[in-house]
Protein chains: 2
Amino acid sequence: MPLPLLGELELAVLRYVWANGTVDAKAIHRDLGAPREITINTVQSTVERLHRKRLLIRERVSHAYQYAPALSREEFRARAVADVAGELRGAEGARVIAAFVELAARADGENIDRIASMIELARSRREGR
Amino acid sequence: MPLPLLGELELAVLRYVWANGTVDAKAIHRDLGAPREITINTVQSTVERLHRKRLLIRERVSHAYQYAPALSREEFRARAVADVAGELRGAEGARVIAAFVELAARADGENIDRIASMIELARSRREGR
DNA sequence: GACAAACACCGGCCGTCAATCGGTTTTTTG
DNA sequence: CAAAAAACCGATTGACGGCCGGTGTTTGTC
């Protein structure tokens with residue numbers, strides 16, 4: 001099951017939960033909803049959807065839900081990247097990687113050196129096996 | 001400008017164009033449209049949309065358009081990865097790239113060597129500036 | 001135990017966008 | 001010039017996220 005597509009508010013809520021840990025709808029509404037002038041009901045719908053999408057877990061505490069992330073920010077990103085990256089093995093994967101390296105280098109020249117040292121690290125880790 | 005979201009038919013058309021190079025709407029309809037029992041008009045709308053999204057380039061040959069990919073399959077994938085991975089510059093970018101390299105290495109151990117030689121290439125290209 | 005507050009839950013409306021097609025205009029060609 | 005081919009235009013439909021009002025249910029309080 002690939003990660004579902006997320007709307008703007010859904011993403012904002014996810015980021016908020018990552019930044020703040022376990023929260024309830026009221027807190028989300030206070031910090032995200034009020035500035036956008038949306039009702040708490042809208043926030044409820046959104047966390048409900050995120051829960052259905054298995055991106056938030058929740059637990060009833062007395063009569064209200066407490067929401068927490070189901071995946072860490074890093075796990076989420078890794079899965080998103082893996083979904084979109086597709087096959088990374090073999091010759092086909094090599095071309096994808098080449099294009100990515102090219103992009104990274106163009107985005108920031110220092111990335112070349114960064115990647116180079118990561119490769120060094122990975123190589124030495126491999127030695128140690 | 002991040003890559004736009006694509007529908008199912010749009011993706012199929014993109015893949016078709018990657019596989020077949022320069023094509024016209026008629027050929028796409030013959031190979032993709034007819035099996036789906038959709039009219040050629042639907043195919044036209046779709047390539048038109050892909051052109052507006054700058055994923056297909058086109059050229060008028062007599063009165064008909066010839067369509068060709070604006071990005072290679074690999075460039076497309078790399079951009080998709082970059083979009084979802086987030087910022088590629090600065091310190092944040094370093095983490096993102098590290099995660100990708102890690103992913104690539106885990107997918108296929110030989111990727112380490114592949115990336116290493118790409119870095120060599122990129123470095124020598126930089127020298128030449 | 002009644003009551004008000006807090007909250008979940010349900011259903012509906014709106015906007016956006018892909019998919020789809022019919023109809024019209026423009027271009028090509030026999 | 002007439003028929004065919006294709007682009008072009010406009011409309012409809014279906015998903016889905018964002019948004020909210022109304023209704024029920026739980027809870028804490030007097």
Side-chain angles (χ1 to χ4, degrees), chain A residues 1-17 20 22-68 70 76 80 83-84, chain B residues 1-17 20 22-68 70 76 80 83-84:
Chain A
M1 51 259 79
L3 289 177
L5 290 181
L6 300 181
E8 205 43 53
L9 180 59
E10 289 178 318
L11 259 179
V13 168
L14 249 194
R15 279 194 282 263
Y16 180 84
V17 178
N20 295 277
T22 299
V23 295
D24 57 16
K26 188 183 249 180
I28 299 175
H29 178 248
R30 170 169 37 79
D31 292 338
L32 294 183
R36 298 167 191 229
E37 299 189 2
I38 60 181
T39 69
I40 195 170
N41 271 8
T42 302
V43 175
Q44 302 268 31
S45 309
T46 302
V47 290
E48 168 69 27
R49 235 179 293 134
L50 286 172
H51 177 253
R52 239 183 294 129
K53 292 178 178 178
R54 313 218 174 253
L55 292 173
L56 292 182
I57 56 180
R58 68 185 185 183
E59 191 185 353
R60 260 199 137 108
V61 171
S62 89
H63 69 130
Y65 283 120
Q66 295 292 118
Y67 288 89
F76 179 82
D83 285 350
V84 87
Chain B
M1 50 256 88
L3 288 177
L5 291 182
L6 300 181
E8 206 43 53
L9 180 58
E10 289 179 317
L11 258 179
V13 168
L14 250 192
R15 279 193 282 263
Y16 180 85
V17 177
N20 294 276
T22 299
V23 295
D24 58 17
K26 187 183 249 179
I28 300 175
H29 179 247
R30 169 169 36 79
D31 293 338
L32 293 184
R36 296 167 190 228
E37 299 188 2
I38 60 182
T39 68
I40 195 169
N41 271 8
T42 302
V43 174
Q44 302 268 31
S45 308
T46 302
V47 290
E48 168 69 27
R49 235 180 294 132
L50 287 172
H51 177 252
R52 238 183 295 129
K53 292 176 176 179
R54 315 218 171 254
L55 292 173
L56 293 181
I57 55 180
R58 69 185 184 184
E59 191 186 352
R60 260 198 136 110
V61 170
S62 85
H63 70 129
Y65 284 119
Q66 295 292 119
Y67 288 89
F76 179 83
D83 286 349
V84 88

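No hydrogens, no waters, no symmetry mates; every other heavy atom, side chains included, goes into these values. Below, chain A is the first sequence line, B the second, and so on; all start at residue 1.
Between B/R49 and C/dC17, a side-chain N or O to OP1/OP2 separation shorter than 4.0 Å is absent. Proximity of A/K26 to the phosphate of C/dC7: a side-chain N or O atom is located under 4.0 Å from OP1 or OP2. Considering only side-chain N and O atoms, B/T39 lies nowhere under 4.0 angstrom from the phosphate OP1 or OP2 of C/dT20.
Taking atom CG on A/L3 and atom P on D/dG17, their separation rounds to 14 Å, with Å as the unit. Rounded to whole Å, atom C1' of D/dA15 lies 13 Å from atom CD of B/E8. Across the protein-nucleic acid pair, A/L11 atom CG and D/dG18 atom C1' stand 14 Å apart, rounded to whole Å. For the pair A/D24 CG and D/dT26 P, the interatomic distance rounds to 19 Å; values are reported in whole Å.
Qualifying side-chain hydrogen bond (donor to acceptor under 3.5 Å, both in side chains) partners for A/E10, counting only residues two or more places apart in sequence or in other chains: A/R49, A/K53.
Using a 4.0 Å heavy-atom cutoff across all strands shown, A/T42 reaches at least one base atom of the nucleic acid. At the heavy-atom level, B/L5 lies under 4.0 Å from the strands shown only through sugar-phosphate atoms.
Listed nucleotides D/dG18, C/dC21, C/dA18 differ in distance to B/K53; the shortest reach to its side chain belongs to C/dA18.
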Between the protein and nucleotides 7-10 of chain D, list the N/O to N/O atom pairs that are separated by less than 3.5 angstrom.
| from | atom 1 | to | atom 2 | distance (Å) |
| --- | --- | --- | --- | --- |
| D/dA7 | OP1 | B/Y65 | N | 3.2 |
| D/dA7 | OP2 | B/Q44 | OE1 | 2.4 |
| D/dA7 | OP2 | B/Q44 | NE2 | 2.1 |

